[in-house]
Number of protein chains: 2
Amino acid sequence: MNPARTTPLPLPRAGTAVAIATRLRTAIADGIYVDGERLPAERALADAFSCSRTTIRAALRLLCDSNLVSRRAGSGTFVTFSHDAENPDIAEITSPLELIDVRIAVEPHMVRLATVHATMRDLGRIGIALDALESSGEPESFTRQDRIFHQSIADATHNPLMCSFYRRINHVRGHRQWSAMKDKVLTGQAMDSYNHDHRQLFEALAVRDADSAADIVLSHLQTARLHLVST
Amino acid sequence: MNPARTTPLPLPRAGTAVAIATRLRTAIADGIYVDGERLPAERALADAFSCSRTTIRAALRLLCDSNLVSRRAGSGTFVTFSHDAENPDIAEITSPLELIDVRIAVEPHMVRLATVHATMRDLGRIGIALDALESSGEPESFTRQDRIFHQSIADATHNPLMCSFYRRINHVRGHRQWSAMKDKVLTGQAMDSYNHDHRQLFEALAVRDADSAADIVLSHLQTARLHLVST
DNA sequence: GCCAGTTATACCAATAGTGAACCAATACAA
DNA sequence: TTGTATTGGTTCACTATTGGTATAACTGGC
């Protein structure tokens with residue numbers, strides 16, 4: 001018996017620094033960290049990733065070399081996700097109402113696809129994102145975790161076109177033009193209400209109830225749209 | 001003991017090192033180990049394959065000689081195999097079924113938005129596109145006019161995010177991977193049927209009947225999806 | 001016996017990562 | 001304006017891991 005034929009391939013181990021750089025890079029690409037936003041401090045990142053600050057610095061060095069972030073001593077590390085000046089960022093020419101209209105178009109069927117295609121592993125990821133979302137008290141971290149939560153649902157469709165669409169939606173959602181609105185809209189009560197919807201949605205996903213999941217998302221977005229046009 | 005093994009194979013038995021090299025080579029070609037990624041350490045591979053490190057080194061030497069991996073002392077063994085698609089076009093990794101799932105998600109609500117936001121000028125443009133579409137007999141020009149027709153509806157929403165989404169959908173639809181399918185699917189009868197749906201859709205848009213327009217699009221796409229999965 | 005392939009072991013040099021300390025630039029509040 | 005806290009920038013010695021190399025012994029087929 002030849003061991004080379006039967007042995008399962010061992011998983012690759014990426015270097016810690018490059019692995020962290022990759023994770024941060026995709027987070028920026030997904031709009032989880034938005035253009036101009038400050039990343040957590042090196043020491044905080046080292047704590048979050050359970051590694052030394054030196055490793056975090058090596059990872060950030062990679063991002064800095066590819067001009068994804070810029071750093072200033074005493075100030076922090078900032079995302080510099082610059083778009084072409086001629087090709088204006090889609091996020092800058094999309095209004096909140098236009099965004100929510102697109103979300104109403106996309107998300108109900110998206111969660112339907114997610115209920116059909118999500119693996120247990122996907123559901124685990126979504127659950128983790130939901131837990132993090134529910135335990136984040138400030139509007140700042142809430143919106144970030146909210147984007148992670150929804151993106152993980154989009155990824156659960158395993159439809160590359162859908163994933164790329166939702167990445168773009170998240171990019172628009174994360175644009176700084178709404179950072180002012182955020183603190184006004186996201187009261188504690190509003191976040192509680194959102195979390196209720198999120199939990200319901202997750203449970204519908206978990207039991208593969210596509211109709212309920214789609215209904216929850218649709219009513220969630222339609223009330224958000226009403227709030228937008230009535231204020 | 002397997003009786004099939006008692007008679008020696010005509011080909012000389014490959015040594016363990018060659019077998020492992022082959023296994024790793026196909027793993028890299030299959031994308032199990034991705035470009036730029038680090039392979040497990042030699043000692044880990046030796047452990048996984050239950051062979052000595054010398055054998056693993058012999059196998060890696062083969063891969064290194066064929067420029068599939070590069071190695072750095074103290075760092076590791078890294079895959080250097082550009083799949084020739086470092087930035088894979090979204091059109092190339094999207095299947096027909098995945099595309100139609102996204103269209104089912106987007107288009108019904110898109111035509112709703114179009115019925116609400118379309119100006120008379122938009123309707124004129126859509127009408128012109130429809131006329132050109134109906135008078136195009138070959139599959140080649142039909143698909144081009146079909147994209148123009150649908151894009152003009154997307155533009156009629158006056159929602160920049162929606163327009164950009166549909167541009168991407170059209171980009172995927174226009175990819176060369178479908179061109180083979182086109183001539184087979186687009187019989188004269190099929191084009192007539194499509195044109196009937198298009199004309200109905202246009203009339204629903206013209207009288208601002210959002211429900212009918214959405215229904216027409218949805219049933220149109222769902223029958224297309226059925227044809228896709230049943231053939 | 002010969003020989004190629006494999007095993008087992010030991011050691012080396014290169015590299016990544018750790019943990020700590022300290023400096024300099026910045027932000028913010030008293 | 002002045003402290004004070006926080007941030008990135010730098011350096012250090014140390015440890016763990018990695019590929020590189022060499023050597024001796026074992027194995028099975030010729």
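Below, all heavy atoms of this structure are taken into account, side chains as well, without hydrogens, waters or symmetry copies. Here is how names work: the chains are called A, B, and so on, in the same order as the sequence lines, proteins then strands, and each is numbered from 1.
One finds no side-chain N or O of B/Arg43 lying less than 4.0 angstrom from the OP1 or OP2 phosphate oxygen of D/dT17. Listed pair B/Ser52 / C/dT7 meets the phosphate criterion, a side-chain N or O lying under 4.0 Å from OP1 or OP2. The phosphate of D/dG19 has OP1 or OP2 within less than 4.0 Å of a side-chain N or O from B/Thr77. Side-chain nitrogen and oxygen atoms of B/Arg72 include none within less than 4.0 Å of the OP1 or OP2 phosphate oxygen of C/dA14. One finds no side-chain N or O of A/Thr54 lying less than 4.0 angstrom from the OP1 or OP2 phosphate oxygen of C/dA16.
In this structure, a donor-acceptor pair under 3.5 Å is present between the side chains of A/Arg168 and B/Ser164.
In this structure, B/Phe49 places its CZ atom 19 Å from P of C/dG5, rounding to the nearest Å. Residue B/Leu60 contributes atom CG, which lies 16 Å from atom C1' of D/dT21 at whole-angstrom precision. Across the protein-nucleic acid pair, B/Asp47 atom CG and C/dT7 atom C1' stand 14 Å apart, rounded to whole Å. If you take CD1 of B/Ile56 and P of C/dG5, they are 16 Å apart, rounded to a whole angstrom. Protein atom CD of B/Glu42 is 15 Å distant from nucleotide atom C1' of C/dT9, rounded to whole Å. What separates CZ of A/Arg38 from P of C/dA27 is a distance of 10 Å, to the nearest Å. A/Leu45 has its CG atom 13 Å from the P atom of C/dT18, to the nearest Å. With rounding to whole Å, A/Arg57 atom CZ is found 16 Å from C/dA16 atom P.
For A/His220 and A/His196, the ring centers sit 6.0 Å or farther from each other.
For A/Arg53 and A/Asp47, the salt-bridge test fails: no basic side-chain N is under 4.0 Å from an acidic carboxylate O. Residues A/Asp155 and A/Arg125 are not paired through a salt bridge, judged by the lack of any N-O separation under 4.0 Å between the basic side chain and the carboxylate.
Side chain of A/Ser136 to backbone of A/Leu133: a donor-acceptor contact under 3.5 angstrom is found.
Of the two residues near DNA chain C, B/Gly74 and A/Ser50, the one whose nearest nucleotide lies more 5' is B/Gly74.
B/Thr55 comes within 4.0 angstrom of the backbone, heavy atoms only, and of no base.
Between the side chain of B/Arg53 and the base of D/dG20, a donor-acceptor pair under 3.5 Å is found.
Considering only the side chain of B/Ala17, C/dT6 comes nearest among C/dA8, C/dT6, C/dT18.
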